[in-house]
Amino acid sequence: MSNITDEIRKRRTFAIISHPDAGKTTLTEKFLLYGGAINQAGSVKGKATAKHAVSDWMEIEKERGISVTSSVLQFNYGGYCINILDTPGHQDFSEDTYRTLMAADSAVMVIDASKGVEAQTRKLFKVCVMRRIPIFTFINKMDREAMDTFELLDDIEKELGIATCPVNWPIGSGKAFRGVYDRNEKEIELFFDTKKGTTTGEVKKIALDDPQADSYMDADQKEQLLGEIELLDGASAEFDQELVSKGELSPVFFGSALTNFGVETFLQHFLKMTTSPLPRKSDKGEIDPMKEKDFSAFVFKIQANMNKAHRDRIAFMRICSGEFDAGMDAFHIQGQKKVRLSQPQQMMASERKMIEKAYGGDIIGIFDPGIFSIGDTITTSPEKFAYEGIPTFAPEHFARVRQVDTMKRKQFIKGINQIAQEGAIQIFQEFNTGMEEIIVGVVGVLQFDVLKYRLKNEYNVDIILENLPYEHIRWIENEEIDMDRLSGTSDMKKIKDLKGRPLLLFVHEWSIRMTLERNEGLKLSEFGRS
Ligand code: G4P
């Protein structure tokens, strides 16, 4: 047992979130270089191979040159075993991106120093807040002209509603970038432009009060730095590990991933401040990986048809406790059946490799003969507990969907239901009619294309999608409410999910507020229960 606990204790499983182009890939790549997992930058998603690197399982990914799926990268560094959950970097991310966050114990938020908080960061951030996991901020691209540092922090605090605590502080930016001041050590880490693709840059640190420090910056910069430090020490939140662990305070670091500056410093601090695999809620109480000796895991993603010839599916699970052995038997709680966990795989950049062992904190992909659903629990524990389900995230695009050939109704219904079960899309119906009209909701519009493509390729069904103007969906929490008497706005539509639960669609965000005002006691939620 102690061996297993040791393995789990050294694991750090986190997701990197950012708006496209902020530098997530570059930062991830530098982490891997430090961990010795790759020996040349460009191996992960080098620009030349970027379009095909992580996964080319689906033709559509190849055609569009984007990665629809996300992957997991594992490497060792400084005695830690690190799992990075990569999320699709494209603007058209899907619900999978959100679900990936459910498998992480903390998140690293990468922000472009010249842009501040951007739309996609905001959305992903909300999920982290809901889970109360620690969030770390890496402000990237300091080698380019940046926004004022205080303004950047203000932006994060206001936009995301989280307090920030700068661990280091930048001296200048762009051409005048000189490095960062470490507030704890009271020394300056000097900026040298390390060539792309190497880890061995010059690392030089110098105490702020060392007379030599003056030769690295102008008198103006020094004066500004001293002023800012004073202001900061008086005004900013102090570092508080407990608040960090609760996700209420985000430690902030500055650097430049491209030039390799500040990356290792960040990694070292981050690994100390973040958490080992966290306990998770189940129907039998909290399951703590440090106490629970049996294997347990939950499915957070299902990837269909990775091999078209076999129509196979891979269920990705996050191991929450215990040790996994290839080919082991475990109990599938929702299916009420014993299952053999075969063909376990781990993703490593562009490769899938078979694995023999894995531990709490790790992510594995298991061959799925079509029995698993998102949120399912698999365990060897005689207690037979089930982990809390994964919420359904609000789609933002909606379309009415019809099959071209009405004779193919059966295949159409089967296909669309299966794809919905994998969690790529959500399907709804008109509130007062039957299954004739199907409304599809997706988080990223690309999923509409994926749906069309898959129905055609796997089920031989052509469909017509008619876009609907709605952008906001809300689940009704108090389902006992009388839907007929609900008084909404003119841009509101009543729908139901496949379990008959009522939902509301809105074109405008302000209509949600109005509807709440008009219907006393109505409770709406942005997250649904699966
Ligand atoms: P993403 O995964 O968040 O979408 O971003 P990615 O790492 O792909 O970086 C987006 C662009 O920003 C890339 O430029 C990358 O080189 C650049 N970049 C990343 N970190 C830094 C940094 O610290 N400083 C500067 N100046 N640039 C940075 P690109 O033009 O798209 O590609 P490339 O031709 O430069 O490789």
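Every value quoted in this text rests on a predicted model; they were computed, and no experiment measured them. For this chain, numbers begin at 1 and follow the sequence in order. In listed order, ligands and their atoms are each counted from 1.
Centroid-to-centroid, the aromatic rings of F253 and F270 stay 6.0 Å apart or farther. Under the 6.0 Å cut-off for aromatic ring centres, F324 and Y359 do not qualify, their centroids lying 6.0 Å or more apart. Close placement of the F177 and F261 rings is indicated, their centers lying within 6.0 Å of each other.
Between L27 and ligand 1, not a single N/O pair is under 3.5 Å apart. Taking distance alone, with nitrogen or oxygen atoms compared against 3.5 Å, K24 approaches ligand 1 more closely than that limit. Not a single N or O atom of M142, backbone or side chain, sits closer than 3.5 Å to an N or O atom of ligand 1. Between G23 and ligand 1, a contact under 3.5 Å exists for at least one N or O pair.
Taking every non-hydrogen atom of T26 and a distance limit under 4.0 Å, the qualifying atoms of ligand 1 come out as 6 (P), 7 (O), 9 (O), 15 (C), 19 (C). Ligand-side atoms of ligand 1 in range of P20: 4 (O), range being under 4.0 angstrom from any heavy atom. If you number the atoms of ligand 1 from 1 as listed, the ones under 4.0 Å from a heavy atom of S18 come out as 3 (O).
Annotation: side chain to side chain contact (heavy atoms under 4.5 Å, CB included) contacts of E118 (sequence neighbours excluded): H19, D112, K115, T121.
Residue D143 holds the heavy atom nearest to atom 24 (N) of ligand 1 of all those in T259, D143, N140. Counting only non-hydrogen atoms, the option in H19, E29, K141 that gets closest to atom 17 (C) of ligand 1 is K141.
At a heavy-atom distance under 4.0 Å, atoms from both the backbone and the side chain of S256 approach ligand 1.
You'll find the side chain of I427 stays beyond 4.5 Å of the side chain of V401, heavy atoms only. Taking 4.5 Å as the limit, every side-chain heavy atom of F191 sits out of range of all side-chain heavy atoms of I171.
The OG1 atom of T392 lies 10.5 Å from the CZ atom of F527; values are rounded to the nearest 0.5 Å.
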